[in-house]
Amino acid sequence: MDEESGARRVARWFLMAFYLIAGIGHLVFTDAMVRIVPSFVPAPRLVVLATGLAELVGVIGLALPRWRRAAGWALAAYALCVWPANVQHAVIDLSSGTGLPIGYHASRLLLQPLIIWWALWASGAVRVRR
């Protein structure tokens, strides 16, 4: 099985779907996303819109063999950079008691490293030697 068959290809397509949904979500539900941007981030609305576009560009990059690895690195870096917003979202929800439950936030925060690895592996940016 070559590297572009099987598991890596399936993982890449699921990653593309994941980031497609996320990117559209940032553009459609901008106001909701702005509320979870940490206060140290300037121009939160612009940042939310830019991150949505970045996710969509990442999807396009994953679809194009020439740009696939670069897109993988970029989406991995992106997932790391948005981690503070995910923490902020958890703090807001859990301190107010009116948001999403701890199970959602704990799993989301714990899965972030997996999402980073997923982007790197599915894009071929990193290879696992056997």
Side-chain angles (χ1 to χ4, degrees):
M1 171 165 64
D2 69 25
E3 292 191 73
E4 278 307 307
S5 63
R8 191 181 301 258
R9 181 178 293 153
V10 170
R12 187 176 68 249
W13 280 99
F14 275 106
L15 183 66
M16 291 166 64
F18 174 81
Y19 274 111
L20 179 65
I21 292 166
I24 291 169
H26 279 83
L27 300 178
V28 172
F29 303 107
T30 306
D31 292 337
M33 301 283 186
V34 167
R35 288 194 288 277
I36 67 167
V37 174
S39 60
F40 64 82
V41 175
R45 182 173 185 75
L46 179 61
V47 169
V48 169
L49 292 170
T51 56
L53 292 174
E55 288 168 322
L56 297 175
V57 169
V59 170
I60 294 167
L62 288 173
L64 302 172
R66 178 177 180 174
W67 296 102
R68 189 166 293 147
R69 287 185 182 143
W73 282 108
L75 289 171
Y78 169 84
L80 181 62
C81 290
V82 298
W83 213 335
N86 295 343
V87 171
Q88 178 72 19
H89 189 192
V91 168
I92 290 168
D93 281 0
L94 299 175
S95 65
S96 71
T98 59
L100 295 166
I102 184 72
Y104 167 82
H105 290 293
S107 61
R108 182 179 185 188
L109 293 170
L110 291 172
L111 286 174
Q112 203 78 15
L114 180 60
I115 293 168
I116 292 167
W117 175 251
W118 182 17
L120 294 172
W121 182 77
S123 67
V126 296
R127 299 180 193 282
V128 178
R129 297 186 194 260
R130 294 179 187 201

Checklist entry - Any idea which heavy atoms bring Arg8 and Ala122 closest together, and the distance? => result CG-O, 3.6 Å
Checklist entry - Looking just at side-chain N and O atoms, do His89 and Arg108 make a donor-acceptor pair shorter than 3.5 Å? => result yes
Next on the checklist: Would the distance check show the side chain of Asp93 and the main-chain N or O of Leu100 forming a donor-acceptor pair, the cut-off being under 3.5 Å?
Outcome noted: yes
Checklist entry - Taking all atoms of both residues into account, what is the closest heavy-atom pair of Gly72 and Leu120, and its distance? => result O-CD2, 3.9 Å
Checklist entry - Between Phe14 and Trp118, does the ring centroid distance fall short of 6.0 Å? => result no
Next on the checklist: Would you say CH2 of Trp67 has more than 12 non-hydrogen atoms from neighbouring residues, nucleotides or ligands within 6.0 angstrom?
Outcome noted: no
Checklist entry - Are Trp117 and Trp83 co-members of a hydrophobic cluster defined by side-chain heavy atoms under 4.5 Å apart? => result yes
Checklist entry - Sub-3.5 Å donor-acceptor pair from the side chain of Gln112 to the main-chain atoms of Ala79, do we have one? => result yes
Checklist entry - Hey, what do you get for OG1 (Thr30) to CG (Leu46), rounding to the nearest 0.5 Å? => result 11.0 Å
Checklist entry - So do Leu27 and Leu56 actually touch side chain to side chain, heavy atoms under 4.5 Å? => result yes
Checklist entry - Mind checking whether Val10 and Phe18 sit in one hydrophobic cluster, side chains of I, L, V, M, F, W, Y counted as touching below 4.5 Å? => result yes
Checklist entry - Would the number of heavy atoms belonging to other residues, nucleotides or ligands and lying under 6.0 Å from CH2 of Trp13 be above 12? => result no
Checklist outcome for this item: CD1 (Ile102) and CG (Leu109) are apart, to the nearest 0.5 Å, by 8.0 Å
Checklist outcome for this item: Taking every heavy atom of Leu20 against every heavy atom of Val59, the minimum-distance pair comes out as N-CG2, 3.5 Å
Checklist entry - Ignoring hydrogens and geometry, is there a side-chain-to-backbone donor-acceptor pair from Arg68 to Leu62 under 3.5 Å? => result yes
Checklist entry - Hey, quick one: are Ile21 and Leu75 part of the same hydrophobic cluster, counting side-chain heavy atoms closer than 4.5 Å, chains of contacts allowed? => result no
Item to check | Inter-residue atom distance Gln88.CD - Phe40.CZ, 0.5 Å rounding | outcome: 8.5 Å
Next on the checklist: How close do Ala119 and Leu15 get, counting heavy atoms only, and between which atoms?
Outcome noted: CA-CD2, 3.5 Å
Checklist entry - In the single-linkage hydrophobic clustering (I, L, V, M, F, W, Y; side-chain heavy atoms under 4.5 Å), do Trp73 and Leu80 co-cluster? => result yes
Item to check | Contact summary for Ile36 and Ile92, nearest pair of heavy atoms | outcome: CA-CD1, 4.1 Å
Checklist entry - Under a single-linkage definition using a 4.5 Å side-chain heavy-atom cutoff for Ile, Leu, Val, Met, Phe, Trp and Tyr, are Met16 and Leu53 assigned to the same hydrophobic cluster? => result yes
Checklist entry - Between OH of Tyr19 and CD1 of Ile60, what distance do you get to the nearest 0.5 Å? => result 15.0 Å
Checklist entry - Between CG of Leu111 and CG of Asn86, what distance do you get to the nearest 0.5 Å? => result 10.5 Å
Checklist entry - Just by modelled atom types, is the Val34 backbone N or O under 3.5 Å from a matching donor or acceptor in the Arg45 side chain? => result no
Checklist outcome for this item: The reported gap from CD1 in Ile116 to OH in Tyr78 (rounded to nearest 0.5 angstrom) is 12.0 Å
Checklist outcome for this item: Looking only at heavy atoms, the pair that brings Trp121 and Val126 closest together is N-CG2, 3.8 Å
Item to check | Full working for side chain to side chain contact (heavy atoms under 4.5 Å, CB included) between Phe29 and Val48 | outcome: CA-CA 9 Å; Phe29 303 107; Val48 169; over 6 Å; no
